[in-house]
Amino acid sequence: MAVKSKGKWSEAGVPHKGWTCDDVEDLGDDRRICEMCRTQEIRYVHYMSHREYDQVLACGCDCAGHMEGNLTRADKRDHAMRNASARRQNFPNLKSWKRSRNGNSTIVKAGKRVTVFKNGETFKFVVNHPLLPDGKFGRKSFETEREAKLAAFDAGIWLEQNLSKFLE
């Protein structure tokens, strides 16, 4: 009788405890297989590192929780990613989007003003924060206003996490 593989859990030299979560990512419609158990299909990836293992593993919530020895912490990260994903999907459709005098879509959310504007045949965005007088312009152009709004949402999250770099 063949024994079913348990992925890296059954490999010699792979630590089972003491891992740290470095980042969490929502893959959206893309899915991948957990690199620890090699069975679970995952959308929300927990990137796990260990001082005695030279690879960062992309793992699902359950494996990540067991690896760091804290199922609750992994579940909270996973839940936060699910909530952020839902907020992101709803962002372009919020009723608080208005049209500026110039005809641009604009919204004030969490202390930041987001403006999406036409740039030739494409759309771009800028995120203004009270501490950044010139705002943060997106580099890419988007085919639709919705795509630009989604990218602006992501930029707003990134800006929140990295604001201190701009203030130095």
Side-chain angles (χ1 to χ4, degrees), residues 1-94 109-112 114 116 122-125 127 129 131-132 136-144 146-168:
M1 179 176 181
V3 176
K4 186 176 177 182
S5 170
K6 292 184 169 84
K8 292 194 182 299
W9 288 112
S10 59
E11 287 183 17
V14 178
H16 289 190
K17 301 274 186 217
W19 291 79
T20 301
C21 184
D22 298 330
D23 196 11
V24 185
E25 179 183 17
D26 177 2
L27 298 177
D29 292 334
D30 295 334
R31 300 288 194 277
R32 64 194 300 186
I33 300 298
C34 174
E35 291 180 349
M36 189 64 164
C37 68
R38 293 188 182 144
T39 57
Q40 186 67 43
E41 184 179 75
I42 54 176
R43 170 180 173 172
Y44 303 99
V45 180
H46 301 242
Y47 292 99
M48 306 299 292
S49 65
H50 195 284
R51 67 185 178 285
E52 296 174 11
Y53 194 74
D54 62 354
Q55 289 180 301
V56 173
L57 299 180
C59 303
C61 180
D62 292 340
C63 284
H66 288 290
M67 292 163 76
E68 70 181 309
N70 192 326
L71 294 168
T72 302
R73 186 180 307 142
D75 192 49
K76 284 181 180 180
R77 280 194 309 268
D78 210 66
H79 188 71
M81 284 302 299
R82 290 173 192 278
N83 285 345
S85 178
R87 284 194 322 274
R88 182 181 189 274
Q89 288 305 309
N90 291 332
F91 186 69
N93 306 319
L94 292 174
K109 198 81 175 145
K112 297 179 290 292
V114 174
V116 174
T122 62
F123 292 88
K124 294 192 77 118
F125 69 86
V127 179
H129 187 282
L131 298 175
L132 294 176
K136 177 78 174 120
F137 282 83
R139 292 185 196 144
K140 294 182 180 179
S141 295
F142 301 90
E143 289 186 26
T144 67
R146 178 178 174 74
E147 290 172 342
K149 286 178 178 181
L150 290 171
F153 179 87
D154 295 340
I157 298 293
W158 183 89
L159 187 60
E160 284 176 20
Q161 295 170 346
N162 293 280
L163 187 60
S164 62
K165 293 177 187 176
F166 291 98
L167 302 176
E168 294 173 347

*So, do Cys63 and Gln40 sit near enough that their side-chain heavy atoms are less than 4.5 Å apart?*
no
*asked:* Would you compute the distance between atom NE2 of His46 and atom CG of Leu57 and round it to the nearest 0.5 angstrom?
replied: 13.5 Å
*Heavy atoms only: give me the nearest Gly13-Pro15 pair and the separation to one decimal.*
O-CD, 3.5 Å
_Please report the interatomic distance CG(Asn83) to CG(Asp78), rounded to the nearest 0.5 Å._
10.5 Å
*What's the shortest heavy-atom distance between Gln89 and Asn93, and which atoms?*
O-ND2, 3.8 Å
_Glu68 backbone acceptor or donor facing His50 side chain under 3.5 Å_ = no
*Search all heavy atoms of Lys8 against all heavy atoms of Val14 and return the closest pair with its distance.*
O-CB, 3.6 Å
*CZ/Arg51 to OG1/Thr20 distance, rounded to the nearest 0.5 angstrom?*
8.0 Å
*If the plane angle is over 60° it's perpendicular, under 30° parallel, otherwise tilted; pick one for His66 and Trp9.*
perpendicular
*Which is it for Thr122 and Glu143 under the side chain to side chain contact (heavy atoms under 4.5 Å, CB included) test, yes or no, and what are the steps along the way?*
CA-CA 5 Å; Thr122 62; Glu143 289 186 26; 5.6 Å; no
*Decide if atom NE2 of His79 counts as having more than 12 heavy atoms of other residues, nucleotides or ligands within a radius under 6.0 Å.*
no
*Can you check whether Leu71's main-chain N or O pairs, donor with acceptor, with Asp75's side chain at less than 3.5 Å?*
no
*What distance separates Glu147 CD from Lys140 NZ, expressed to the nearest 0.5 Å?*
10.5 Å
*For the atom pair CE (Met48) and CG (Asp22), what is the distance rounded to the nearest 0.5 Å?*
8.0 Å
*asked:* Whether the side chain of Lys124 engages the backbone of Arg139 through a donor-acceptor N/O pair (distance < 3.5 Å, no angle test) should be reported.
replied: yes
_Closest approach of Leu150 to Pro92 (non-hydrogen atoms, all atoms of both residues)_ = CD2-CG, 3.6 Å
_Quick check: closest heavy atoms across Thr144 and Phe123, and the distance to 0.1 Å?_
C-CD1, 3.4 Å
_Candidate list Arg77, Arg87, Arg43, test salt bridge (Lys or Arg N to Asp or Glu O under 4.0 Å), partner Asp26, passing option_ = Arg43
*Quick one: CH2 on Trp19 to CD on Glu52, what's the gap to the nearest 0.5 Å?*
10.0 Å
*asked:* Is any side-chain heavy atom of Glu11 closer than 4.5 Å to one of Arg38?
replied: yes
*asked:* Under a 4.0 Å threshold between the charged nitrogen and the carboxylate oxygen, would Glu25 count as salt-bridged to Arg32?
replied: no
*asked:* Ignoring hydrogens, what is the shortest heavy-atom contact between Leu27 and Val45? Give both atom names and the distance.
replied: CD1-CG2, 3.4 Å
*Side chains of Val114 and Phe91: closer than 4.5 Å at any heavy-atom pair?*
yes
